Protein chains: 2
Amino acid sequence: MYAPERQQEILRLARDSGRVDVVSLAVQFQVTAETIRRDLKTLDRAGVVRRVHGGAIPVGRLDFEPDLAERETTAADEKDRIARAALAELPDEGTMIVDAGSTVALFAAALPMEFSLTVVTHSLPTAARLADHPGIQLHLVGGRVRHRTRAAVDAWALRAYGEIRADVLFVAANGFSTEHGLTTPDLAEAAVKRAAMAAARRVVLLADSSKHGQEHFARFGGLNDVDLLITDSGLSPEDALAIERGGTEVVRA
Amino acid sequence: MYAPERQQEILRLARDSGRVDVVSLAVQFQVTAETIRRDLKTLDRAGVVRRVHGGAIPVGRLDFEPDLAERETTAADEKDRIARAALAELPDEGTMIVDAGSTVALFAAALPMEFSLTVVTHSLPTAARLADHPGIQLHLVGGRVRHRTRAAVDAWALRAYGEIRADVLFVAANGFSTEHGLTTPDLAEAAVKRAAMAAARRVVLLADSSKHGQEHFARFGGLNDVDLLITDSGLSPEDALAIERGGTEVVRA
DNA sequence: CCCAATCGGGCATGAACGGGCATGAGCGGG
DNA sequence: CCCGCTCATGCCCGTTCATGCCCGATTGGG
């Protein structure tokens, strides 16, 4: 196994479990702790993990749930399928806006190398992932960065989205339902999502089925603003049908 | 078998199995390792595989950028000392702008946790580093993201810097000298640097001594625009004195 | 405040690398 | 048909790289 491969794998492990430690990595990869330390130093310098005594933690944690590890494993499967299904909605060329959120981040990370399009995002982790994608022209939306979600919000972000027009938006929501529409806990973030929705010709909502029926503080639109909902099979066919009656196409990946 | 045929086949193998190694390819194709290395170099230059010690990996399999880490190993020692010295210039509170560049990134990574201030940056790696720093209020400057430096440039960035006023700017330069001032290879990046300089009350230049006397395509200011230069002891005392006569304080870390 | 775990700099080693040179096959102009 | 040129390949050898080992310094939990 080559050093970069091992580093890549370490990075994956770190992102999956939220942390890695030198000794277990050394055992797992059958190398000495020194080598692992060197790998972690490389990853640290590359800015993708932060080195701590005894191991490392990934930078750019995607969401703010208290125990990230548990949560990642809970819905990881669904989110993965959703992300993959979303790939089918990509235009061959053109412009897309990518929202913040773990599902959307997974989707962005899954973009095949041969894709060549323009991406606009206000999500720091997504931007970091796409920055070295050779085919992608990345535009970063600025603003105040919220610690929790690592997303840019407020005046700069709102204005930026007010100035552009994209082919498609991939948006996330903490809660969605026909009655309460699309909701998220933070007002500032909701404002940005609303601005992004206004900037896109087509709105694709990526949300696993556990979000259905949930209702949070800030509302940023109705389901009728969404052209396509991609979720998992946890959404009952009846609910899906009800949503489709509202004019939103539904894909249950 | 012709060379391009062999390279095509190597690429196919690499994509199929996710990796190839020099020695087995040499055996398989009945040529020497040198030839395989030349093939891999060709494929690497074409951008379809990434060369690693012992073999190659198809692009897209590694989602972090080893190059960035590599560049940081050059003169890492000097840069480290410079970064540490720059910490002394931090205000206890207030606002600072952080430029893109490896030296400045090192400086940002070295920020102690207890610091509490507002940071504005157009550098993606720096933003990613500081996003989870609890004491820091981070503002991201948007714009088109340059692949090479992962920095935001162009209209959005220029406008953002035109709207703010910060206490101090930590800026990098690819070349600096009393005659030619501050230079960098990219025009767009130079424009952003100039805008950032105009937005700060105090300008601190972080540059290792190898940059002294260098001259690049795009000029974004003169040394007299710099209030403080932090460099390493590789800058001769005479040169330092000459710069100080121009009104710029010099620290040789 | 102490001690064990961890860290990181220095050194050693074997594999891999790559620049330079030589050889031989194909190519093209005269 | 000849001769010089280019290209692909092989070989040589000094250099670099990845890794492991050692040991003193540092860190952080108890």
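Chain A is the first sequence line, chain B the second, and so forth, proteins listed ahead of strands; every chain is numbered from 1. What you see is a predicted model, and the numbers here were worked out from it, not measured in a lab.
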Subject >> Residue met sooner reading DNA chain C from 5', once A:V22 and B:R37 are mapped to nucleotides >> reply: A:V22
**OP:** Calculate the interatomic distance between B:I10 atom CD1 and D:dA8 atom C1'; express it in whole Å.
**Re:** 14 Å
Please list, pair by pair, any protein nitrogen or oxygen found under 3.5 Å from a nitrogen or oxygen in nucleotides 19-21 of chain D.
from   : atom 1 : to    : atom 2 : distance (Å)
D:dT19 : OP1    : A:R6  : NH1    : 3.0
D:dT19 : OP1    : A:R6  : NH2    : 3.3
D:dT19 : OP2    : A:R6  : NH2    : 2.8
D:dG20 : OP2    : A:T32 : N      : 3.1
D:dG20 : OP2    : A:T32 : OG1    : 2.7
D:dG20 : OP2    : A:T35 : OG1    : 2.4
D:dG20 : N7     : A:R38 : NH2    : 2.7

Original post:
Considering only heavy atoms from C-beta outward, does the side chain of B:T121 approach that of B:L130 to under 4.5 Å?
Top reply: no
Original post:
Judged by atom type as modelled, is there a donor-acceptor pair below 3.5 Å linking the side chain of B:E89 to the main-chain atoms of B:A86?
Top reply: no
Original post:
Taking B:D39 as the fixed residue, which of B:Q7, B:Q8, B:E9 is the one that meets the side chain to side chain contact (heavy atoms under 4.5 Å, CB included) rule?
Top reply: B:Q7
Original post:
Are A:D99 and A:H122 close enough that a side-chain donor and a side-chain acceptor fall under 3.5 Å?
Top reply: yes
Original post:
Taking the side chain from B:T183 and the backbone from B:R219, do they hold a donor-acceptor pair closer than 3.5 Å?
Top reply: no
**OP:** Check the side chains of A:K79 and A:S102 for a donor-acceptor pair under 3.5 angstrom, ignoring hydrogens and angles.
**Re:** yes
Check nucleotides 24-30 of chain D for protein N or O atoms closer than 3.5 Å to its own N or O atoms and list the pairs.
none

Subject >> Side chains of B:D208 and B:S210, donor plus acceptor under 3.5 Å >> reply: yes
**OP:** Measure from NZ or CZ of B:K211 to the centre of the six-membered ring of B:F176, then state whether that distance is under 6.0 Å and the direction lies within 45° of the axis.
**Re:** no
Original post:
Does a donor on one side chain sit under 3.5 Å from an acceptor on the other, for A:S116 and A:E93?
Top reply: no
**OP:** Walking along DNA chain C from 5' to 3', note the first and the last nucleotide with an atom under 4.0 Å from a heavy atom of chain A, and give both.
**Re:** C:dT6 to C:dG9
Original post:
Do B:L90 and B:M96 come close enough that some side-chain heavy atom pair is under 4.5 Å?
Top reply: yes
